[in-house]
Undergrad: 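Here's a structure for you.
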Amino acid sequence: VTSGTRLYRLNPATGADAWNINLGSTLGASGVSPNNVIVVGSDSGVVYGVNPLNGGILWTRATLARIYGAPAFDNIGGVEVAYVTSEDHRLYCIRTSDGVRLWSILGSTSFRQAPIVGSDHSIYCTNTNGVVYKVNSSGAIIWQLQLGGRARGALTLGADGTLYIA
């Protein structure tokens with residue numbers, strides 16, 4: 001759970017605060033990877049990898065602008081990655097084990113919403129100008145489409161892989 005500059009671990013049965021850490025900048029939405037690394041971005045443009053057991057910082061990765069959306073996760077050839085969008089117009093692919101940036105793509109304007117990952121490992125994201133991107137797991141843009149306006153809702157994939165956007 002994030003609140004302001006703090007990241008909290010709460011006991012689900014009691015709501016008790018197991019730990020909390022101050023990361024020094026307003027935080028965006030967090031996510032927990034399948035390999036149990038908390039990934040959260042901040043207004044200062046830093047992405048943090050955090051140990052969920054004790055709140056220890058495992059790694060940091062700088063971007064060039066703030067991060068609002070939650071990360072999306074995937075496993076590519078045995079390597080777990082987090083996909084993070086930023087207001088610096090980029091989608092980042094970050095290895096969750098150590099925070100190494102594997103690649104990034106540059107969009108036409110800021111990304112604020114969380115990306116999503118399809119069953120074929122494709123990444124979908126939309127920027128503040130309403131451009132939707134499909135990117136492969138190597139960081140190549142497969143296609144981009146200008147919507148009639150800015151997407152305000154979350155991207156959603158149907159069971160058949162169809163992309164829905166509001």
Undergrad: I'd like to know if the side chain of Thr26 reaches the main chain of Gly4, judged simply by a donor and an acceptor atom lying under 3.5 Å from each other, with no hydrogens or angles considered.
TA: no
Undergrad: Taking side chain as C-beta onward, heavy atoms only, is Leu145 less than 4.5 Å from Val131?
TA: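 Heavy-atom side-chain distance check fails, nothing below 4.5 Å.
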Undergrad: Evaluate side chain to side chain contact (heavy atoms under 4.5 Å, CB included) for Tyr83 paired with Ile116, printing each intermediate quantity in order.
TA: CA-CA 8 Å; Tyr83 297 112; Ile116 58 172; over 6 Å; no
Undergrad: Does Asp17 have any salt bridge (Lys or Arg N to Asp or Glu O under 4.0 Å) partners at least two apart in sequence or in another chain, and if so, which?
TA: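 Testing Asp17 for salt bridge (Lys or Arg N to Asp or Glu O under 4.0 Å), a comparison that skips the adjacent residues, returns none.
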Undergrad: Under 3.5 Å, is there a donor-acceptor pair between the side chain of Ser25 and the main chain of Ser44?
TA: yes
Undergrad: Find out whether Val81 and Leu102 are in side-chain contact, i.e. whether some heavy atom of one side chain is under 4.5 Å from a heavy atom of the other.
TA: yes
Undergrad: Please check this pair: side chain of Thr14 against backbone of Ala16, looking for a donor-acceptor N/O pair closer than 3.5 Å.
TA: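 The answer is yes, because a donor-acceptor pair under 3.5 Å joins these two groups.
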Undergrad: Donor-acceptor pair, distance only, cut-off 3.5 Å: does the side chain of Thr63 make one with the backbone of Gly45?
TA: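 It does hold such a pair.
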Undergrad: Are Val37 and Val84 connected, step by step, through hydrophobic side chains (Ile, Leu, Val, Met, Phe, Trp, Tyr) whose heavy atoms are closer than 4.5 Å?
TA: yes
Undergrad: Any side-chain heavy atom of Asn75 within less than 4.5 Å of one from Val79?
TA: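 Not in contact.
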Undergrad: Which atom pair, heavy atoms only, marks the closest approach of Leu157 to Gly118?
TA: CD1-CA, 3.5 Å
Undergrad: Asn127 versus Thr85: any side-chain heavy-atom pair under 4.5 Å?
TA: no
Undergrad: State whether the side chain of Asp88 and the backbone N or O of Leu64 hold a donor-acceptor pair below 3.5 Å, judged by distance alone.
TA: yes
Undergrad: Which residue pairs pass the side-chain hydrogen bond (donor to acceptor under 3.5 Å, both in side chains) test when at least one of the two sits in residues 157-166, sequence neighbours left out?
TA: Asp160-Thr162
Undergrad: Measure from the ring center of Tyr68 to the ring center of Phe111 and say whether it is less than 6.0 Å.
TA: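 Ring centroids of Tyr68 and Phe111 are no less than 6.0 Å from each other.
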Undergrad: Closest approach of Cys125 and Leu155, non-hydrogen atoms and distance?
TA: CA-CD1, 3.6 Å
Undergrad: So, for Ser137 and Trp103, which heavy atoms are closest and what is the spacing to 0.1 Å?
TA: O-NE1, 3.1 Å
Undergrad: Can you tell me if Ser42 uses its side chain to pair, donor with acceptor, with the backbone of Val46 under 3.5 Å?
TA: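 At least one qualifying donor-acceptor pair exists.
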Undergrad: Is any side-chain heavy atom of Leu163 less than 4.5 Å from a side-chain heavy atom of Val132?
TA: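 A side-chain contact exists here, since the closest heavy-atom pair is under 4.5 Å.
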Undergrad: Go through Ile142 and Val135 one step at a time and tell me if the side chain to side chain contact (heavy atoms under 4.5 Å, CB included) criterion holds.
TA: CA-CA 5 Å; Ile142 303 303; Val135 179; 5.9 Å; no
Undergrad: First locate atom OH of Tyr8, then atom CG of Leu27, and finally report the distance between them rounded to the nearest 0.5 Å.
TA: 10.0 Å
Undergrad: What pairs of residues pass the salt bridge (Lys or Arg N to Asp or Glu O under 4.0 Å) test when at least one of them lies in residues 52-72, not counting sequence neighbours?
TA: Arg66-Glu87
Undergrad: Side-chain heavy atoms nearer than 4.5 Å, only ILVMFWY residues, links allowed to pass through others: does that put Ile123 and Ile141 together?
TA: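 Yes, Ile123 connects to Ile141 through the hydrophobic network.
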Undergrad: Evaluate the criterion side chain to side chain contact (heavy atoms under 4.5 Å, CB included) for residue pair Asn136 and His121; output intermediate values, then yes/no.
TA: CA-CA 7 Å; Asn136 72 17; His121 304 284; over 6 Å; no
Undergrad: Report yes if some heavy atom in the side chain of Asn20 is under 4.5 Å from a heavy atom in the side chain of Leu7; otherwise report no.
TA: no
Undergrad: Please tabulate, for side-chain N and O atoms in residues 49-60, each donor-acceptor pair with protein atoms closer than 3.5 Å (sequence neighbours left out).
TA:
residue	atom	partner	partner atom	Å
Asn51	OD1	Leu53	N	2.7
Asn54	OD1	Gly56	N	2.7
Trp59	NE1	Thr96	O	2.9

Undergrad: Could you see if Trp19 belongs to whatever hydrophobic cluster contains Val40? Use Ile, Leu, Val, Met, Phe, Trp, Tyr and a side-chain cutoff under 4.5 Å.
TA: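 Yes: a chain of side-chain contacts under 4.5 Å links Trp19 to Val40.
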Undergrad: If you compare all heavy atoms of Asn129 against all heavy atoms of Ser108, which two are closest, and at what distance to 0.1 Å?
TA: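 Smallest interatomic distance, heavy atoms only, reads ND2-OG, 4.5 Å.
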Undergrad: Once you round to the nearest 0.5 Å, how far does CG of Leu91 lie from CG of Leu106?
TA: 11.0 Å
Undergrad: Say whether Ile21 and Tyr48 are linked into one hydrophobic cluster, either directly or through other cluster members, by side-chain heavy-atom distances under 4.5 angstrom.
TA: yes
Undergrad: Side chain of Ser33, backbone of Asn36: donor and acceptor closer than 3.5 Å?
TA: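 Here the side-chain-to-backbone pair exists.
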Undergrad: Considering non-hydrogen atoms only, spot the tightest contact between Ala82 and Phe73 and give its length.
TA: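 It is CB-CE2, 3.7 Å.
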Undergrad: Please list all pairs passing the side-chain hydrogen bond (donor to acceptor under 3.5 Å, both in side chains) test where one or both residues lie in residues 140-151, with sequence neighbours left out.
TA: none
Undergrad: Under the side chain to side chain donor-acceptor pair (under 3.5 Å) test, which residues partner Ser122, sequence neighbours left out?
TA: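 Expected list: Asp120.
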Undergrad: Given 3.5 Å as the limit, does a donor-acceptor pair link the side chain of Glu80 with the main chain of Asp74, or not?
TA: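 No; zero donor-acceptor contacts below 3.5 Å.
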Undergrad: Would you mind reporting whether Ile105 and Arg90 have side-chain heavy atoms less than 4.5 Å apart?
TA: no
Undergrad: What are the two closest non-hydrogen atoms of Thr5 and Asn22, and how far apart are they?
TA: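 Minimum heavy-atom separation between Thr5 and Asn22: OG1-OD1, 3.0 Å.
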Undergrad: Could you state whether Ile67 and Ile94 fall into the same hydrophobic cluster, counting links through intermediate Ile, Leu, Val, Met, Phe, Trp or Tyr residues with side-chain heavy atoms under 4.5 angstrom apart?
TA: yes
Undergrad: With rounding to the nearest 0.5 angstrom, report the OH to CZ distance, Tyr92 to Arg101.
TA: 6.5 Å
